[in-house]
Each structure stands twice: as C-alpha cells, then as structure tokens.
Amino acid sequence: MVTKTKQTIEACTEDIFCGVNMVEDPKQATDLEKKHLPIITAPKKVKKGECFEVTVEVGKLLKHPNEPGHFIQFIELYAGDTYLARMDFTAKTTCPVMKACVSLDHAHGKLRTFERCNLHGTWENDVDIEVIE
Ligand SMILES: [Fe+2]
C-alpha cells in the first residue's frame, strides 16, 4: 500500500520564489496578485463519471505580460492532491489559458490549480466542486 504524506512548509513571505503564492482576498488583490492569480471556471456540481470542462486562465483579472523575458511557463490542474492536467506555454505565441475535459469518479476535494511565472514564481488558486451520483 502506498503511503501519502503531507509536508508542512514554512514559506518565507519575503521570497516570492519560496513556496506557493496565494491571494487571501481576491477583492483586495494588488496588481501583482491580480496578474498572477489563476482563475478556474468549472461547474459547482458534476455527475460522477461524466466529462465536464475546466478552464484556467492567468491574467483574467489583470493582463499578465507575455514576452520572452516575462511570461507564464505552465498551468497545472489537480482535484485535491490528484494530478489531472498540465499545459506548458511559450512566450508571445501562446496565451496562458488551459482548457481540460475532466471526469471524476468520486469526490477528491477542491479543484486546485498552479501556475508558474518566470519572474514571479508559483501561484495557486482553488474552487469547490461537488461530485454527485
Ligand atoms: Fe509575472
């Protein structure tokens, strides 16, 4: 049997590259936070085993630069701690938007997403999702 462990990490608040950055209150987010917070669009309730679409967009609240020196490198999507999908991006030619078709056979917890900016580190966001019969 595989054992799952969770680490407790003390991230330094001054170092944007240490740990994962989160936004406490999106309504009071700074411009830096608005540019980096990945926004998940997904149904609140889904039927067990049925496909549904999830969209994750970086820069939806405030446009993030997309140039060789400053761009979003990737977006990842998880259901709880379960990995679902990843998309890598290229500066200028691809926009930091990921669409995934997902099917969950049971509740895993929140839909979680991570994005990585080459200049501003890794950012996380999540939304609730319910899996019904
Ligand atoms: Fe950035």
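Every number for a ligand or one of its atoms is a count from 1 in the order of the listing. Every value quoted in this text rests on a predicted model; they were computed, and no experiment measured them.
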message: If the threshold is 4.0 Å, N to carboxylate O, is there a salt bridge linking D105 and K48?
response: no
- request: Assess the pair Y78 and F114: is the distance between their ring centroids shorter than 6.0 Å?
  value: yes
statement: Taking the Fe ion (ligand 1) as the apex, H70 NE2 and H64 NE2 span an angle, rounded to 10°, of 90°
query: Is the W123 ring parallel, tilted or perpendicular to the H36 ring (thresholds 30°, 60°)?
result: parallel
task: Not counting sequence neighbours, which residues clear salt bridge (charged side-chain N to carboxylate O under 4.0 Å, His left out) with R116? List them please.
output: none
message: For the metal site, I want the angle between atom SG of C117 and atom NE2 of H36 with the Fe ion (ligand 1) at the apex, to 10°.
response: 100°
query: Taking the N/O/S atoms of H120 one by one, which is nearest to the Fe ion (ligand 1)?
result: ND1
